[in-house]
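What follows is a single structure, written as structure tokens, with notes after it.
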Amino acid sequence: MNHLAIAPELFRPDGFERGRVHRLSLMSGAQSIPVLLVRGEAAGKTLVVTAGVHGDEYEGVRAILETVASLDPRAMRGDLLAVPVAHPAAFRAARRTSPLDELNLARVFPGDSAGKPTEIVAAALAGAVIVHADFYLDLHSGGIAYAMPTMAGYDASDGRSAAAARIFGAETIWGHATIAPGRTISFARARGIPWIYTEARGAARIDPDDLRMMKQGILNLLCHLGTLPGEPVVRPIRYKLSGDGDTDRGISAGHEGFLLNHVRLLEEVTEYQRLGVLVDVLGEPMEEYRAPRSGTVALIHEFPVVKPGDSLYLIADRER
Ligand SMILES: [Zn+2]
């Protein structure tokens, strides 16, 4: 088993021997980004998968590690290029953002190799990893603070992305007409690379069902691309959501306090329905949050202690 440290600008997946798994790290400034390259025996398409773009989201990390361990590269036609921990500084701190510069890796793409630490990581991931994708999958979840439906999110303007979301195996899919700039997927989109991303229940633990969905989803995409033989194993889709998925643009807290949440994930709410109340430690209400319109609850700040500016709720539209 080799473990090579390499500069991002020198990384050429095509130069690695076929029919085996390569474990290496991209040395990006002072940061080391782990990379798993499964080189199929025969030539074919490349699926790029990242997890840990937010350092407190763990389902995708485990899904990548276990999936790579289960694959036989000699039976593959094409490659899997996977980064299990995309933002090592945030991962080590168990935080969504970097302790080095307070930046959110999912807001700084395409990054800057001469910039702040998080921008340097983004530049390495964009230029040395995502750029090699025939299809790109970014595994996210609710992390420590949020709960989100276990789902696949896709580009509603790209049929390749929508088709992949349908065969991924998630019971909830969410189509976005617009994508906020600075994300991994906005970089992929700008390069014409089709993509999907996931969310999962999060809450600082790995739900076995979510793990199973993500692992099967990676295999499903490999089948969909022709890298693995066989057909995707698909579950019926129960929820089709649409609308803006930017967690920064939800209903946010104006104070610090303790959130008394009154709704559940994927609950249907009507306009002006009460979602939750923020109280102080004596139980005095400080803010009340109501649905700005009818729709489906797609994000809840499950961690009850909130700070000013934290996103608390996101309401999506539901297609029938
Ligand atoms: Zn995330």
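Residue numbers run from 1 in the order of the sequence given. As the structure is a prediction and not an experimental result, all values here were calculated from the model.
Heavy-atom contacts from other residues, nucleotides or ligands closer than 6.0 Å to CZ of Arg191 number 12 or fewer. Heavy-atom contacts from other residues, nucleotides or ligands closer than 6.0 Å to CD of Glu102 number more than 12. Counting non-hydrogen atoms of other residues, nucleotides and ligands closer than 6.0 Å to CZ of Arg238 gives a total of 12 or fewer. Counting heavy atoms of neighbouring residues, nucleotides and ligands inside a 6.0 Å radius, atom CZ of Arg205 exceeds 12 of them.
With no hydrogens or angles considered, a side-chain donor-acceptor pair links His140 and His54 at under 3.5 Å. Defined by atom type and a distance below 3.5 Å, a donor-acceptor pair is missing between the side-chain atoms of His132 and Asp14. With 3.5 Å as the limit, one finds no donor-acceptor pair spanning the side chains of Glu199 and Ser141. In this model, a donor atom of one side chain and an acceptor atom of the other lie less than 3.5 Å apart for Asp138 and Thr50.
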message: Between Asn220 and Leu222, is the side-chain contact (heavy atoms from CB on, under 4.5 Å) condition met? List the steps.
response: CA-CA 5 Å; Asn220 284 350; Leu222 289 169; over 6 Å; no
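Remark: side-chain polar atoms of Gln273 are paired, donor with acceptor, to backbone N or O of Thr270 under 3.5 angstrom. Side chain of Asp101 to main chain of Thr118: a donor-acceptor pair is present (N/O by atom type, distance under 3.5 Å, no hydrogens or angles). Not one N or O on the side chain of Thr67 forms a donor-acceptor pair closer than 3.5 Å with the backbone of Ile64.
In this structure the side chain of Ser70 never reaches within 4.5 angstrom of the side chain of Glu66, judged on heavy atoms. Within the 4.5 Å cutoff, no side-chain heavy atoms of Arg62 are placed close to those of Lys215.
Considering only residues two or more places apart in sequence or on other chains, Arg39 meets the side-chain hydrogen bond (donor to acceptor under 3.5 Å, both in side chains) condition with Asp79. Scanning for ring pair (Phe, Tyr, Trp, His ring centres under 6.0 Å) contacts around Phe11 gives Phe16, with sequence neighbours left out.
Between Arg96 and Asp56 no salt bridge is recorded (no basic side-chain N to carboxylate O distance below 4.0 Å). A salt bridge links Glu17 to Arg20: one of the charged nitrogens lies within less than 4.0 Å of a carboxylate oxygen.
For the atom pair Met148 CE and Thr172 OG1, the distance stands at 10.5 Å (nearest 0.5 Å). Summarising the geometry, atom CD1 belonging to Ile130 is positioned 10.0 Å from atom CD1 belonging to Ile185; distances are rounded to the nearest 0.5 Å.
Stacking of Arg293 on the aromatic ring of Tyr272 is not recorded, the 6.0 Å distance cut-off and the 45° axial limit not both being met.
Note: Tyr289 and Tyr313 have tilted aromatic rings, judged against thresholds of 30 and 60 degrees for the angle between ring planes.
Of the options Glu171, Glu319, Arg318, a side-chain contact (heavy atoms from CB on, under 4.5 Å) to Tyr239 is made by Arg318 and by none of the others.
Hydrophobic clustering, with ILVMFWY side chains joined whenever heavy atoms are under 4.5 angstrom apart, keeps Ile120 apart from Val108. Note on Leu10: it clusters hydrophobically with Val35, by side-chain heavy-atom contacts below 4.5 Å among ILVMFWY residues.
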